[in-house]
Every structure is written in C-alpha cells, then in structure tokens.
Amino acid sequence: MSSLLAHDTGTGSPPDRGDPRTVRLLTPDGVRQTSGEYAARVADLDDAALLGLYTDMVVIRRIDQEATALQRQGELALWPPLLGQEAAQIGSARALEHDDFVFSSYREHGVAWVRGATTAELCRVWRGIAVAGWDPYRIGMATPQVIIGAQTLHATGYAIGAKYDGAASAVVSYFGDGATSEGDTSEAMVFAVTYGAPVVFFCQNNQWAISEPVGLQAPTGIAARAAGFGLPSVTVDGNDVLAVLAVTREALERARAGEGPSFIEAVTYRMGPHTTADDPTRYRTADEVEAWKAKDPVARLAAYLRGTGALTDDVDAEVAATAQRAAAALRADCTALGEPDGESIFDDVYAEPHPVLEAQRTRFLAYREGFEEER
Amino acid sequence: MSSLLAHDTGTGSPPDRGDPRTVRLLTPDGVRQTSGEYAARVADLDDAALLGLYTDMVVIRRIDQEATALQRQGELALWPPLLGQEAAQIGSARALEHDDFVFSSYREHGVAWVRGATTAELCRVWRGIAVAGWDPYRIGMATPQVIIGAQTLHATGYAIGAKYDGAASAVVSYFGDGATSEGDTSEAMVFAVTYGAPVVFFCQNNQWAISEPVGLQAPTGIAARAAGFGLPSVTVDGNDVLAVLAVTREALERARAGEGPSFIEAVTYRMGPHTTADDPTRYRTADEVEAWKAKDPVARLAAYLRGTGALTDDVDAEVAATAQRAAAALRADCTALGEPDGESIFDDVYAEPHPVLEAQRTRFLAYREGFEEER
Amino acid sequence: MSATMTLGGAIGAGLRQAMTADPKVLLLGEDIGKLGGVYRVTDGLQRDFGPQRVMDTPLAESGILGTAVGLAYRGYRPVCEIQFDGFVYPAFDQIVSQVSRMHARTKGAVTMPITIRIPVGGGIGSAEHHSDSPEAYFAHTPGLRVMSVADPQSAYSLIQEAVACDDPVLFFEPKRRYHLKGEVATDGAPAAGGMSRARVLRHGTDVTVLTFGGLVQVALDAAEAASEEGLSLEVIDLVSLSPIDWPAVTESVRRTGRAVVVHEAAQTGGIGAELAAGITERCFFHLEHAVVRVTGWDIPYPPAKLERHHLPDLDRVLDGVDAALGRPSSYGEQAFA
Amino acid sequence: MSATMTLGGAIGAGLRQAMTADPKVLLLGEDIGKLGGVYRVTDGLQRDFGPQRVMDTPLAESGILGTAVGLAYRGYRPVCEIQFDGFVYPAFDQIVSQVSRMHARTKGAVTMPITIRIPVGGGIGSAEHHSDSPEAYFAHTPGLRVMSVADPQSAYSLIQEAVACDDPVLFFEPKRRYHLKGEVATDGAPAAGGMSRARVLRHGTDVTVLTFGGLVQVALDAAEAASEEGLSLEVIDLVSLSPIDWPAVTESVRRTGRAVVVHEAAQTGGIGAELAAGITERCFFHLEHAVVRVTGWDIPYPPAKLERHHLPDLDRVLDGVDAALGRPSSYGEQAFA
Ligand SMILES: Cc1ncc(C[n+]2csc(CCOP(=O)(O)OP(=O)(O)O)c2C)c(N)n1
Ligand SMILES: Cc1ncc(C[n+]2csc(CCOP(=O)(O)OP(=O)(O)O)c2C)c(N)n1
Ligand SMILES: [Mg+2]
Ligand SMILES: [Mg+2]
C-alpha cells in the first residue's frame, strides 16, 4: 500500500513527528518551497492570492474569537473554537469548486465561511435557536454533524450519487482524529473504495479528542490506516495553508477525474478548549500549547508575505479592519437573531401529513391558549 | 506500515492472487517447504503429528458432510458447511493452548471440534433447540456468533481482561472476509492496538460473503487493511494446514509475549453453499469451484503424507473409519437430542429475580394448563 | 390488469414499478443484486436496471443507511434492504439520529425519502437474530414512519407508496408470509386508503382484534374459530404502526367496547402498549374491559423448536379474547406482577 | 456516616465504593480518566485506581460495549460510560443483540454484569443529540434492566446495586440534576427497597403522578402547587423502568383511581405507554379516568431555546392532572387524532 502514499516532502526542514512524508510548502518561519510536485499545484498563487488566504484566516480567527466572547457573555450557549486550525480549513475549502459539496463536523466554521455561510448562519446553532445553521444546498455544505463520524458516510453516499449523475462534483468530508475510531468512518472508507466515490476524507488531526490524545485512537498513525483501506493517503502540515491547498487540489482533481476517493491527514493543533465548556488545563500541559504556538498557521503566512513585501503594516491594518467588520457583523447578527415561535417545533418533523403529530400540535396550541387565558 | 507485513513466502510456487507475500509451506501438489522462518515454526511436526492434523481434517469434513445430510433429511434446520476451509480451521485451532480462548462466527465447526465440542454440541444450534451449543468455559470457546463482526470486539475485551489478569492466555477471533466491512471489526482492531490486547484476528477469506465476492468488501486486499490499523498482518495460504499452523503459532506467541494483537488473512475457499439454504450456482461459476478443487486442503496434506509413506491405504482406511465413527456419532447424538420444555424459554433471561417476567411465566403456565384441561 | 403473486413477488413487482416510474429510485443492500436477496424479493432487478440502481453493498448496515442518507441528500430515493430484522441494529444510529431527523434538522431543506425494507418476525424456524420484531423501536422514533404488510395486494401497492413518500419509511415484510399467494391488481390507483390507513378485514361486534403483518392471518383464523362459538370478532390490519390510524381503531373499539392487540414482539413497551394506552385515552368510557395484549413474552427470541411457545397463535388469541370478555383465561390477577 | 454531595458526586462516590469492594469492577468510556468525564462523575478515579481500572477508550461506542462484553466474559464487571444519551445508538447493536442476550443464549453460563451509565435528558440548554431520552428502547429489550435516579442518596446507593447486579443495567443519570445537592448516608445498607423498587415521595389521595429522573422534582413542585388548590397528589419516583415496580404502582392507583405519567421522551411508545397499558390492565375497575400522559412531543429534541415548549413542566403536569380529574384541560377530543 505504501506506494499509494504521497511522499513529496516539499521542504527540507525537520518534519513533524519525525515523519519524512509530511507535505509542507511553507516552513514555520515563512520560507516558501517552490519546487516539487505539490509546489507546482499551487504555483498559480501569487502574492495577491496568498493575501486572500491570509485575509480568510485572519477573518475567521477574529470571528472565532468574537464567537468565544459572545459565548462568555451569554449570547451563545456554546462554541467550539477553531483557533489553530485556520490553515487546515481555509486551505482545503479554497480548493473547492462551487458544485462540490461538504459534509463536516461542528468545528468547521472556516469551511462554512468560505462556502458562503453568513455570520448569522454561523451563530444559529450555537445560540440554540436551531439545530442547523443554513440551507445546505445554498452553500454546498451540509449542516454541522454532532454524531462523530456519521457524516463520512453521508459524504460517501452523496459522492456516489454525484458519480451516478455524471457530475463533475467532488465531496469533502471533514472530521477529527477522534472520529477515525468510529466504525462509521471505517465503513465510509470501505464504501468509498468499493464504489470509487469521488470523496475526499479530510481529517483534521488536531492532536486531541476532548481530553484524549490522538495516540489513544491511532497509536500507529492515521494516514496509514486510510492507506490500508486502499485509499491514496497523504499527511500534510495542517498549519501550512499552501500545502493544505495543494494536497486538497490533488485529491479533488483525482475525484473529479473518476479516480475515486482519497484521504488527507492534516496535522494541526487545537489551540483552544474543545468547546467553551471545556477546561483543557486538566489534560494537557502549557508547554505543549506553547510549542504549537511556534507553528501558528496565520503567523507563518504573515511571515512569508512580510518577506515578499506583500504584507505591509498598512495592508495588515486593512486586513484587521476587514476582520473587525466581520466580527462586528457576527455580534450584531447574533444578538439580532430572533427566537422562533414555540409552535415551530412541530414543523418539518415530517414532509407529509402526520395526523398524530398534528393532533399533538392541536393540544399544544390548546394548552398555550388556555395557559395564556389564565394569566 | 509495510514493514509490519510478514513477507516470508515459504515456497517457490506461484502465489495466489499474484501476491508474493502469501505464506505457504505445502504446495498444492504436496511438496513441503522446510527452510525459512515459518517452516522452522512447524519443524517439530513429524509425520505422526501431520497425520493427526490430517485425521482432524478428514473427520471434520466427514462431520460436515453428515451434518449437511442431516439437514437435507430434516434433522437439522440449517447448516453452514465448512467444506474447503478445513486447513484454515484445524491448522489455527491446533496452535491454541488450553487456556486460550476463541470467539468465532458460525462456520467454525472445525475449531469447535478441536476445542472439544461434542458431536451433540455441534448440532444443538442447528437443530433449533438452543441458540448456543456448549458452555464456553468448558471448551474455551464462545458460542457461535451470528451478528457479523460482533465477536471481534468480544475477543478484544476478553484479551484485555486476560492481560490485566497477567494470564498467559491469548485469544483468537475468527471471522470472514465479509465481516471485515463491519464497523465493529475495525473498532476491534482500534481497541486491540490501543490496549495491546493479546488477540489474534483470524480472517478466513473464503472469497465469498453469501453472494458477494471479496472484491466488493475489500478491493485492495484484507491483510493490508489490518496493517493500516497498526497490526502485524500476514497473508497465508489457508488451504495449507502447516502454513496456517505456523502463522497462528507466531501470532499467539506474540500475544503471549505481551507484544499485542496481530492479524492473519487465511486465503481459502468455501467449496459448498453459504448454508444449506443457499444456492451458489446463482452467483458463481462451476469453473471457479473447479479451480479451487485443485487446491483442496485435505488432498494436499494427503499427497504429502503419501509421499513420505506415512499415509498408506491402510492408514487412510483407518482415518476414514475414525471419520465414519464421528459421523455416526453425530447422527445418533443429533437425532437423540430432546426438545427442551416450553417453559424453559423463561429461564436465564435474567440472572437475578425479575417479577415481570416471572408473572409472564405464571401466565404461560396457567395458559398451558387451561389448554391441556380443555383437551 | 392483475396477476397471481406471492407476497415477496409482489414487493419485487412493486419495486420494479417504482424504479420504472422514477429514475431516482435505487436499491441498496447485501446480496440483493445477482442473488436477488436471500428471499429473492429483488430477483431480476439488477439484471434489468443495472448495478448502479441495484447496488450490492459491503457487509455493513450502518454503511448502507449512512450511504443512503448521502444519496437522499443528492436527490436520490434509496430503498435499503436489511437482510434480516436482527441486523438492523448496527444501523440504528444512522436511522435514529440521521434518517429520522434530517428533515426537521434542516427545516425541510433536505428530504429523506428512504425506504428501509426489513424481512421481519418469526414462525419460520430460523436461526438466532433471524426472527426479531423491532418495530416498536422505530415507532417510538419521531420522524420515521413504520408500516407492515400482510398480503400480496397491499405489499404491491404500499411498497410503491412507501418509496414515493418523502418521509423515511420502515417497511416490514413478514417472512412467514413471503410465499403467500394472492391476486394482485397491478393497474389503477393503489388500494384505497394508502399506507397510513388501517384496514378492517373482518367486521364484528363483540371484540376488536388489532394486529399486523405476520399475525393477520392468525387473527382471521381466530375470528373464524370464534364465530363457530357464536362470537363476532372484528379484525383490523393496522398496516401503519406509526402513525397509527386512530380514527379507524377508535371507531371500531367504541363499537365493540373490547380490544385485543396481537403482536410477536416482547410485550413490555411493544406496539401493544401504545395501542392500549391510546385506545384507553380515546375510548375510556366505551371500554368494557382493559385492552388485552397477546404478544411475545419478554424474552430474547427463543430457539426455533421453542418458538411456538413464544408466538401468539390462534389459541392464544382466543385466550386473549376470553380475557377481554371477562371469561376465564390465563390473564388472572397472578399474571400481572 | 453521611456527607453532602451533588447527584453527580454521589455517583462518583458510589463507583469508588464499588471499585474498592470488588477488584473486578472497572470503568470504561470516553474522557472518563484524566478529565474525569465531561460531567466529572469519575473525577479522581483514574488517579486512584489507575488506567487499567479506569480506561479512557477510543471514540467508538460499539467498541466500548463490545469490549465490555468480552471483559464480562472474562469475569470482569465493566461500568461503561456513554458520554451523552444521543451517543448510545452506535452501541445499540452490542447492547440489544449481545449484552442483553448473552446470559439467555448461554443458558446462564456467561453473565453480563455490565452497567451502562448514561447522562440523560434535556433542560440544560444543550446542543443537538445531547438531550435525548432513549430509555424506552431499552425497556422494550428483554434481558436488560433500566433505571433512573433522581437524588444524591438514591444515586449513591443504586449505582452500587447496579454494579453489583449480575444482569446488565442501563443506568440513566438526569443531567439537569447532576448539580443537585443532598445529604448522603454512606454507611449502612443501601436505601430500603433496592434498585427495582419505586419510591412514594409524597403521599396523596386524588391523583397518582408517576415519573422518574429529571422530572421527579417537577412532579413534586406540581404536587406542592396543587396542594395550594386543595388537591392531593401522590408522587412516585419509579426508579426502575424495567422491570416496573407494579405492586407499588398498582397499590397507589387503585387508591387514587387516577394516574398521570410524566416523562421527557416522545409520547408514542414511551415508558408512559407501557405504564398506561399496565395500569389499565391491573386497575381497570378502579380507574375513574384513562391514564394521562404528560410527555415530550413526538418530535426530535428541539433546539435549546425551544426546549421549554417540549419539556413537561409544572404547568403541563397540572394540565395533565386536570385532564385526569375530568376538568377542562388541553386533552380534549381534538387532541387525539
Ligand atoms: C458518537 C459520538 N460520541 C461521542 C461524542 C462526544 N464528543 C463530541 S466531540 C468529541 C471528540 C471529537 O474529537 P475529534 O474527532 O478529534 O474532533 P475535534 O473535536 O478534535 O475537532 C466527543 C467524544 C459525539 N459527539 N458523538
Ligand atoms: C450484522 C449482520 N448482517 C448481515 C448478516 C447476514 N449474513 C449472514 S452470513 C453473511 C455473509 C458473511 O460473510 P463472511 O463474513 O465472508 O463469512 P462466511 O459466511 O463466508 O464464512 C451475511 C451477510 C448477519 N448475520 N449479520
Ligand atoms: Mg481532534
Ligand atoms: Mg466469506
């Protein structure tokens, strides 16, 4: 199977986890690799384009920060921060075409943002007014999946359908390192390989599944597991937006060319808590968090763009202002979100008439009426 | 991961499926390989020992044939024949020690036989008088599992327990090629690796899961999948009893030495129907079946033993007589099996008192009594 | 047009009809292609519609349902076959957390027109896990519809309605009735009433017997036997287990004042519990006796040779009828803990 | 000896006690070790008993239960934590086809003393799949026992009984009550009655209110409010949902003649259905009114801000009491399809 693994290192710098096969195109100090197969896949990205990626990352980080603040202030019930995973999400999402489709987990705010979710839509679930933020068909992305691993099968099914339709669409399924242990994730790989589904399994290995280190789920590595199922599998530096873009482009191209599924392990780090309800100091050291700060995905791209001169203080201030506007919009849109009427809980449970539930709705309304009369 | 694969071919003959890594110690014509790592593991097997294996295989084949006949005659409700898989089952089961434990699927009559199941016990489930044939603790083997893949997790849990106990016991879980698709089987490998469980995953790849060819489950191979999970994984000629014994000994030794789980793919063939209810002519060709007859596991060992002179016509007649006696015992014990009293359906549902079920038992008895009075 | 079909054959014919009518309908399951399913229900469909529309799947039920969710997301109308009742549980999470909730979750943006066909129940002398009756699990799950068919004509019509329904439908096929033959009209509109409507199969005045699937014939036989003793039983095939057709049930029970519910599944928390509760809520002042449950016992399905002690049969139905009439029966005080 | 504990803390203390008493008791689940579980119920146990006896598992619920089956086979007494109610479904097959049937399957040779701890229910403003009430699925499954606790003392005693029980036990812990404090006696025999016994928490004469877990306090509050209007409600904490403590239920309802069942799960096929059916079977001639069900609606659990419209609260319980008394309420004819 090892021939299926992508081996382009893309850099001479010492690799993460001693793995010589991790794709990297930007070193932590911001040196860009320009030769090699993967570098070629992103050779079209000039400074302006890179500045676009940089802006995306800064904006989503700012949005994430604002959402965290909104949670602290009681405006959101919960928020799962993406801090540290900006490159993995922006780099991969920017590789997608309009007709592609995404099935993600709950932390992929960056992906949703790139797909076109509004700030209001980013908030709806976490404010507790809906269990889905947006219309999946409008932005080409399913709503956040809470059941770990379940969406990998949905992605595979959708991809099989796209293939049957003769569409050029590819599908990306996002999930975490923890999700690789769930039976569904393995079954998804089986189905994807059997049917040659145009699906990309994109694993953000952020080192932790709540309090459990990745070594508990996959002591011998994640990418190899996928390779064992017969999927072309690659490990990428998930904090390197260029490298992530490159490997995702490759996988999507393969999918669209009818060459079937593939697997990407993006090695990254969850800098913040699992969610705003989590206290990571209970299970990991400050040293570990510090060590990963040195690999910050945003700082890395900034360093490179500073080097080329594309990112000046002025430009950076503009980017920051853009981010600030997004954060302000998030806050405004979030706090403006109305609460749906109670009766709406009966809507859409069924697509077709359902007399038993309608009778319950009648009872609900009678109850509410009687109750209001009493007052 | 490829370094985890066992690569000793053990033979110069053309391998199955073009895979140079299949372990083989007896060619289909009965030539024994005596050099190499795996040959060394079974070097202790002299002709007498091999004759023992041969007898086991002939006996279980005869039992299988008799059970099939009993089903045709209405004495058994169903039977899943093992025809063709004798070497995979006998070779692996003979590697086990008394304190080891087995969690199998439903076709492992050969394993049960070696573990000490009686002819009566082999019949109980298939005669429809019980859902389990034997006391698992008496013979060190769980009762047949119908839910595909479920037992792989049981084996893993038992093995973790054995490890915690500091016991030298190892566990073998048997399952089919189809079972490798079930989420449970993947999860079992995850758990086994994470806890270093002394468990051997023994997959009898008999090419078919009812009507589905193995290519539908694992187009790129089964052993590699296990290797991806971090398990030492080996492919063995499942119709070569010596090779199966050798690789199972190795895996069990590893388990007992605290080196954790491993995986064996025994490439074999289901010569008969899936069960007596199945009609394999609907989904596979006579040519295919013929081609596999040439690799018959019993004939192969016979050829070798004929060559050494250990198997003469007289000896073979004795073996056949032994097999015939076993078949006769099976028939006698099967037809003598009584039907349990109807009330027994209420027994053992709970280990501790359960008033609701006891009230139902009361009703059952009242009903039966009233009914009998009426007559 | 009409033809003689077995119940299994009628489902196959109905599926063929549904596939012909709508190219988005596709089937997936284990062994449903070349083999035509272990009960041959899909026999010939892969040959005629090709392997894309009749997909033999890897041996993984969660995979089948999860893949179906994705296909539905893409606009397909998947019909999943679960090989036997006892093998639906690995797919439980996908059914209960995904299939059933997706439409509500997305406020109607995504429909899940998934049909889940499941050969169900016992009485066929089968192996462990091949005779379960899991319908109550699904009837308790909001967002799902649950039905069971009992005769070839219903099977033919209702499988098409199930496939055409924009909601997910659990479609239970009683194994013991697969080979039952009957005349099936294959043209015209589907049987009056549709998939959520109960059917009064025999009119009666003394006791209403409510059942479905594999036990419908048992109830009819019991009614016939009872009539010889001068008792008039009304027999209703519920057809739909979620939603229950309450108007039909209520109308009958208010008339008879007595009801007996018959099913194979364990009694505690079975469909009979909901029926008893719901009937009593709706008919309390018409009831002469508590609703009587004639069901499988609260035990794992027993081995084949003992299943007759577990399954309601004609005599146990009559015992329940006796109880409902306040006559001597096994339902004495001591029969209730 | 006694101490003030939260309900969650009492379960932790009970587990500690059980682990001390029997070295075969071990815990497995996601994040239960170093983190002590997302609700900190197992806080400190891994530190004190080591990682073998408090196992952080890979993120796979079927894996957790299947592994527990193997451990039980080997003589261990595993206590599995499912992180939230909505995550038990991936383990459904192992629970329903293996855990529940192994003892019967092996004619008693193999026991499955597995406790499955599940934080349950809503009312805490949580995310999707974090507020389910799946108890009815398990109560319908022969071979399992199902219980729910409502206060620290019961929690402390009954978790120990559950762990000591040789049958598999689903042990539901109401999340909304985790932080409830109470005095817990930690010596002496466990609370009178044991894990299968209901507890009359408030004596009354007009209507019996039956509930469990997170809604026990709601029922008590409703009884208090009702008493101000001169109504006397009896409140029973069922504790055991399978088996139901029928003698206790029957005794009360025969006395009051009226019963209201209260739970969070969907109404159709919920525990309330079994209670209504079973009560009517046992108390038909004592009943003045059909048993009334006050439950969650037949909908997927709604988003946090709408959950108050779904969950029975004090007023909805009183509405149900009104219905049981034949007074004006929302339970009119039109409320039943
Ligand atoms: C089936 C299921 N089990 C458990 C959980 C609880 N849970 C939520 S997130 C999480 C950890 C997920 O880790 P990972 O897959 O690495 O994703 P990450 O949170 O790191 O992005 C767990 C255990 C769940 N949501 N679903
Ligand atoms: C969970 C589950 N799904 C489906 C089945 C039905 N079934 C019984 S055997 C079988 C094929 C198994 O194939 P394999 O694992 O290769 O074992 P073999 O029969 O070839 O020994 C299937 C699909 C089952 N028993 N359990
Ligand atoms: Mg993670
Ligand atoms: Mg096979």
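Quick note on labels: first sequence line is chain A, next is B, and so on, each numbered from 1. Side chains are part of it too, since the values below use all heavy atoms of this structure and drop only hydrogens, waters and symmetry mates.
- Proximity to chain B (any heavy atom under 4.5 Å) is shown, for Met112(D), by neither the backbone nor the side chain.
- Ala130(B) does not touch chain D: none of its heavy atoms, backbone or side chain, sits under 4.5 Å away.
- Closest heavy-atom contact between Pro136(B) and Val110(D): CG-CG2, 3.7 Å.
- Between the side chains of Gln98(D) and Gln151(B), no donor-acceptor pair of N or O atoms lies under 3.5 Å.
- Looking only at side-chain heavy atoms (C-beta outward), Thr106(D) and Trp134(B) stay at 4.5 Å or farther from each other.
- Within the 4.5 angstrom heavy-atom criterion, no atom of Ala68(D) approaches chain B.
- Side-chain contact between Arg101(D) and Val131(B) is absent, with no heavy atoms from C-beta onward closer than 4.5 Å.
- Scanning both residues, Thr141(D) and Tyr350(B), for their nearest heavy atoms gives O-OH, 4.3 Å.
- Residues Val69(D) and Leu153(B) form no side-chain contact, since every pair of their non-hydrogen atoms from C-beta on lies 4.5 Å or further apart.
- Annotation: side chain of Val349(B) is not in contact with side chain of His103(D) (no heavy-atom distance under 4.5 Å).
- For chain B, the nearby part of Asp93(D) is the side chain; its heavy atoms alone come within less than 4.5 Å.
- Across Arg105(D) and Ala132(B), no two heavy atoms sit closer than the pair O-CB, 3.0 Å.
- In this structure, the side chains of Thr67(D) and Tyr195(B) stay at 4.5 Å or more apart for every pair of heavy atoms.
- Note: Leu144(D) leads Asp245(D), Ile244(D), Leu144(D) in heavy-atom pairs under 4.5 Å with chain B.
- Ser169(B) touches chain D through its side chain: at least one heavy atom from C-beta onward sits under 4.5 Å away, while N, CA, C and O do not.
- By the neighbour-count criterion of 12 heavy atoms within 6.0 Å, atom NZ of Lys34(D) is sparsely surrounded, having that number or fewer from other residues, nucleotides or ligands.
- In this structure, no portion of Leu28(D) lies under 4.5 Å from any heavy atom of chain B.
- With a 4.5 Å cut-off on non-hydrogen atoms, Leu65(D) does not touch chain B at all.
- With chain D as partner, the option from His154(B), Glu187(B), His354(B) having the largest number of non-hydrogen pairs under 4.5 angstrom is His154(B).
- Val356(B) places a side-chain heavy atom less than 4.5 Å from the side chain of Trp246(D).
- Contacts of Thr143(B) with chain D are made by both backbone and side-chain atoms, with heavy-atom separations under 4.5 Å.
- For the pair Ile160(B) and Met55(D), the tightest heavy-atom approach, listed with the atom from each and the gap, is CG2-CE, 4.1 Å.
- In this structure, the side chains of Arg53(D) and Tyr164(B) stay at 4.5 Å or more apart for every pair of heavy atoms.
- Between Arg74(D) and Asp165(B) a salt bridge is recorded (basic side-chain N to carboxylate O distance below 4.0 Å).
- Of all heavy-atom pairs between Ala109(D) and Asp135(B), the closest is CB-OD1, 3.8 Å.
- For Tyr73(D), the parts lying near chain B are the backbone and the side chain together; criterion is any non-hydrogen pair under 4.5 Å.
- The shortest distance between side-chain heavy atoms of Glu352(B) and Cys165(D) falls below 4.5 Å.
- Put simply, OG1 on Thr57(D) and CZ on Phe191(B) are 4.5 Å apart, with the number rounded to the nearest 0.5 Å.
- For the set Ala162(B), Ala188(B), Pro355(B), the count of heavy-atom pairs under 4.5 angstrom toward chain D peaks at Ala162(B).
- Of the two parts of Ser97(D), only the side chain, counted from C-beta on, holds a non-hydrogen atom closer than 4.5 Å to a non-hydrogen atom of chain B.
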